[in-house]
Amino acid sequence: MSTSFQNIKGTFDILPDAYSDGGTRIASSAEWHAVEETIRDVMHRHNLEEIRTPIFEPTELVARGVGQMTDIVSKEMFAFERSGTNYVLRPEITAPVMRSFLQHHLEQRGGVQKLFYIGPCFRAEQPQKGRYRQFHQFGVEVIGADDARADAETIAIMMAIYRAFGVENTALRINTLGMPDARAKFVNALREYLEPYEDDLSETSRRRLAKNPLRILDTKLDYEQEILSDAPTLTDFVESDSREHYERVKTYLDELSIEYEEDPLLVRGLDYYTRTAFELESPDLGAQSALAGGGRYDLLAEEIGSSQPVPSIGFAAGMERLFLAIAAAGNDLPEPPGADVFFASLGDDAERWVFRTVHRFRSEGLHVAHDLKGRSLKSQMKEANRQDATYAIIIGGNELEAGAAQVKHMASGEQVEVPFDGIVDFVMDRK
RNA sequence: GUGAUCGUAGCUCAGUCGGUUAGAGCGCCAGGUUGUGGUCCUGGAGGCCGAGGGUUCGAAUCCCUCCGGUCACCCCA
């Protein structure tokens with residue numbers, strides 16, 4: 001059996017069993033469920049509520065929210081047009097959540113809205129390990145709070161999730177970006193500082209100098225780092241309000257014993273960030289080392305049309321990278337339990353009886369498996385074994401006549417006779 | 001988008017100085033036991049050798065293009 005079709009580049013199928021795609025392990029659907037369940041559990045413990053938004057949005061929302069100059073908008077969007085409207089498969093979920101918050105006036109629910117999401121995103125990037133064209137993000141948006149405790153709590157939630165999976169080998173870096181005015185002044189100063197060195201810079205850095213000088217700061221080239229060692233720092237330009245806010249965030253992080261490293265060179269790729277920025281990295285993931293990142297985005301709401309500012313903070317995290325980190329930590333996800341009962345039948349009468357009984361047992365709440373191919377008893381027993389069934393129940397002419405089934409405990413091999421009307425209780429009692 | 005590298009049964013991989021019908025292990029199906037799984041034995045199915053083109057008497061093997069994976073750049077979750 002085969003087909004010439006295949007999944008689109010940069011996407012992957014999630015199958016009942018884990019498998020290897022090239023060098024990357026793709027987790028099973030059960031593992032995805034287990035991870036999502038743990039994420040939801042941690043979110044709920046932190047008093048967050050789930051929000052789900054469509055996977056496509058007007059292009060304009062994303063362009064305004066994320067920023068025209070970003071790589072995401074300028075070259076990585078899956079966009080299409082229909083009947084004169086431009087749509088885009090969402091490349092991230094913060095702007096859509098803010099759109100939804102504003103559209104549905106969620107501030108009217110009162111208090112701070114603490115939301116989380118989990119779902120697919122799309123970016124037309126060159127795929128590699130930990131980076132896909134359809135990937136999955138989970139994240140948090142704490143909307144309507146400018147208090148530094150909101151920043152620290154958001155980071156704490158993020159850390160709690162990785163802890164829940166036993167992912168300990170991580171580095172949290174934080175910084176403050178200040179407000180746009182300060183950043184603009186800094187960008188000018190940085191440009192002035194770097195211009196004399198222009199000929200020494202790499203091609204990409206020269207391009208960034210013109211387009212987005214902030215990005216030069218996280219160059220990986222040693223000699224460029226050298227040049228930057230005496231450059232002005234963003235911190236020097238950040239206005240006192242933001243600096244005080246930053247100090248409070250750090251105090252609250254200390255309060256929670258969350259370890260972090262201050263990184264004045266940390267800048268984030270999306271335009272909407274203000275003040276607090278942070279990133280969680282794992283040294284175990286190769287080139288795509290960012291597990292999660294986030295920050296404060298006090299200006300996003302107005303950017304997409306709100307008449308009022310809505311101070312907010314959040315983070316986004318990659319599911320695929322979480323799986324990589326879990327694997328690197330050597331941790332296993334729980335296996336799903338097998339069937340409670342596998343019904344094996346012999347002969348037409350038994351098949352009919354089993355078919356009816358299987359459905360009755362399922363309505364009683366049992367996980368029941370059976371054969372749909374009319375195979376030999378031996379094959380059915382093999383199937384029961386493969387499905388990891390707790391009990392195999394054998395029904396043939398003899399059992400129908402006696403009104404009692406042969407019930408075999410697969411792990412021990414012990415087999416007993418149980419009257420038909422006692423089987424459900426027998427299995428339930430021993431679950 | 002750029003560079004490097006890889007692509008042979010469902011999976012992991014042998015096989016390339018070009019030469020009969022392309023192999024192994026595991027998995028799958030069946031039989032050994034016409035009413036009993038996990039171990040064992042036996043047999044079977046399953047491959048346009050990633051796709052297309054070229055060189056050649058002859059291509060899994062050599063060349064080109066494309067597709068896909070991986071690694072890195074870039075960027076980021």
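Throughout, a chain's letter reflects where its sequence line sits, starting with A, and its residues are numbered from 1.
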side-chain hydrogen bond (donor to acceptor under 3.5 Å, both in side chains) partners of A:H367, counting only residues at least two apart: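 Counting only residues at least two positions away or on another chain, A:H367 forms no side-chain hydrogen bond (donor to acceptor under 3.5 Å, both in side chains).
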
Between [X] and [Y] (side chain of the first, backbone of the second, donor and acceptor by atom type, cut-off under 3.5 Å), is there such a pair?
| X | Y | value |
| --- | --- | --- |
| A:S289 | A:L285 | no |
| A:S312 | A:V310 | yes |
| A:T154 | A:A150 | yes |

Checking A:Y297 against A:E303: is there a side-chain donor and acceptor pair closer than 3.5 Å? no

Applying side-chain contact (heavy atoms from CB on, under 4.5 Å) between A:L115 and each of A:I143, A:V142, A:V140, report the one that passes. A:I143

Which residue in the set A:F343, A:F426, A:F342 passes side-chain contact (heavy atoms from CB on, under 4.5 Å) when paired with A:Y391?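 Single pass found, and it is A:F426.
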
What's the gap between [N] and [M] when it is taken at their [atom1] atoms, as a whole Å value?
| N | M | atom1 | result |
| --- | --- | --- | --- |
| B:C29 | B:C67 | P | 38 Å |
| B:G15 | B:U39 | C1' | 32 Å |
| B:U61 | B:A14 | C1' | 14 Å |
| B:C62 | B:C17 | C1' | 12 Å |
| B:C6 | B:A45 | C1' | 30 Å |
| B:A4 | B:U65 | P | 11 Å |
| B:A60 | B:U20 | C1' | 16 Å |
| B:A59 | B:A51 | C1' | 16 Å |

Could you state the [atom1]-[atom2] distance from [X] to [N], rounded to the nearest angstrom?
| X | N | atom1 | atom2 | answer |
| --- | --- | --- | --- | --- |
| A:I26 | B:C11 | CD1 | P | 13 Å |
| A:I93 | B:C76 | CD1 | C1' | 15 Å |
| A:D371 | B:U36 | CG | P | 16 Å |
| A:F78 | B:G1 | CZ | P | 10 Å |
| A:K382 | B:U33 | NZ | C1' | 13 Å |
| A:M158 | B:A77 | CE | P | 12 Å |
| A:M381 | B:G38 | CE | C1' | 10 Å |
| A:E281 | B:C76 | CD | P | 12 Å |

Dot-bracket for RNA chain B, 5' to 3', Watson-Crick and G-U pairs with both distances under 3.5 Å, [ ] for crossing pairs, | for partner on another strand, reads (((((((..((((.....[...)))).(((((.......))))).....(((((..]....))))))))))))....

Just checking [X]: base, sugar-phosphate only, or nothing, at a heavy-atom cut-off of under 4.0 Å?
| X | answer |
| --- | --- |
| A:Q415 | base |
| A:G10 | sugar-phosphate |
| A:G413 | base |
| A:L322 | nothing |
| A:K408 | base |

Whether the side chain of [X] and the base of [N] hold a donor-acceptor pair under 3.5 Å is what I'd like checked.
| X | N | value |
| --- | --- | --- |
| A:Q288 | B:A72 | no |
| A:R321 | B:C76 | yes |
| A:N385 | B:G37 | yes |
| A:K378 | B:G32 | yes |
| A:Q406 | B:U36 | no |

Does this structure show an ion pair linking [X] with [Y], if we count only N-O contacts that are shorter than 4.0 Å?
| X | Y | value |
| --- | --- | --- |
| A:E37 | A:R40 | no |
| A:R352 | A:D348 | no |
| A:E60 | A:R64 | yes |

So, with a heavy-atom separation below 4.0 Å from RNA chain B, the residues of residues 386-393 of chain A are A:R386

Under a 4.0 Å heavy-atom cut-off, which of residues 131-138 of chain A touch RNA chain B?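 Correct list: A:R131, A:Y132, A:F135, A:Q137.
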
For A:R52, what residues pass the salt bridge (charged side-chain N to carboxylate O under 4.0 Å, His left out) criterion, not counting sequence neighbours?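 A:R52 satisfies salt bridge (charged side-chain N to carboxylate O under 4.0 Å, His left out) with A:E50 only.
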
According to salt bridge (charged side-chain N to carboxylate O under 4.0 Å, His left out), who are the partners of A:E281, at least two apart in sequence or on a separate chain?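 A:E281: salt bridge (charged side-chain N to carboxylate O under 4.0 Å, His left out) contacts with A:R173.
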
Check whether any side-chain nitrogen or oxygen of [X] sits under 4.0 Å from OP1 or OP2 of [N], and answer yes or no.
| X | N | value |
| --- | --- | --- |
| A:T24 | B:U70 | yes |
| A:K129 | B:C71 | yes |
| A:S379 | B:A30 | yes |

As a test of reading the structure: which of [options] is closest to the side chain of [X], going by heavy atoms?
| X | options | answer |
| --- | --- | --- |
| A:Q6 | B:C67, B:G35, B:G38 | B:C67 |
| A:R375 | B:G35, B:G37, B:C29 | B:C29 |
| A:L377 | B:C67, B:G35, B:A77 | B:G35 |

Measuring from A:R430:CZ to A:D425:CG, what's the distance to the nearest 0.5 Å?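 Interatomic distance, A:R430 CZ to A:D425 CG, rounded to 0.5 Å: 10.0 Å.
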
Aromatic rings A:F116 and A:H44: how do their planes relate, parallel, tilted or perpendicular, breaks at 30° and 60°?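 A:F116 vs A:H44 ring planes: perpendicular.
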
Please compare A:A292 and A:Q128 by the position of their nearest nucleotide in RNA chain B and report the one closer to 5'.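 Residue closer to the 5' terminus by nearest nucleotide: A:Q128.
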
Go nucleotide by nucleotide along RNA chain B from the 5' end; which of A:E279 and A:Q126 gets its closest nucleotide reached first? A:Q126

Give a yes or no on whether A:R25 atom CZ has more than 12 heavy-atom contacts from other residues, nucleotides or ligands under 6.0 Å away.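 Result for CZ/A:R25: enclosed.
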
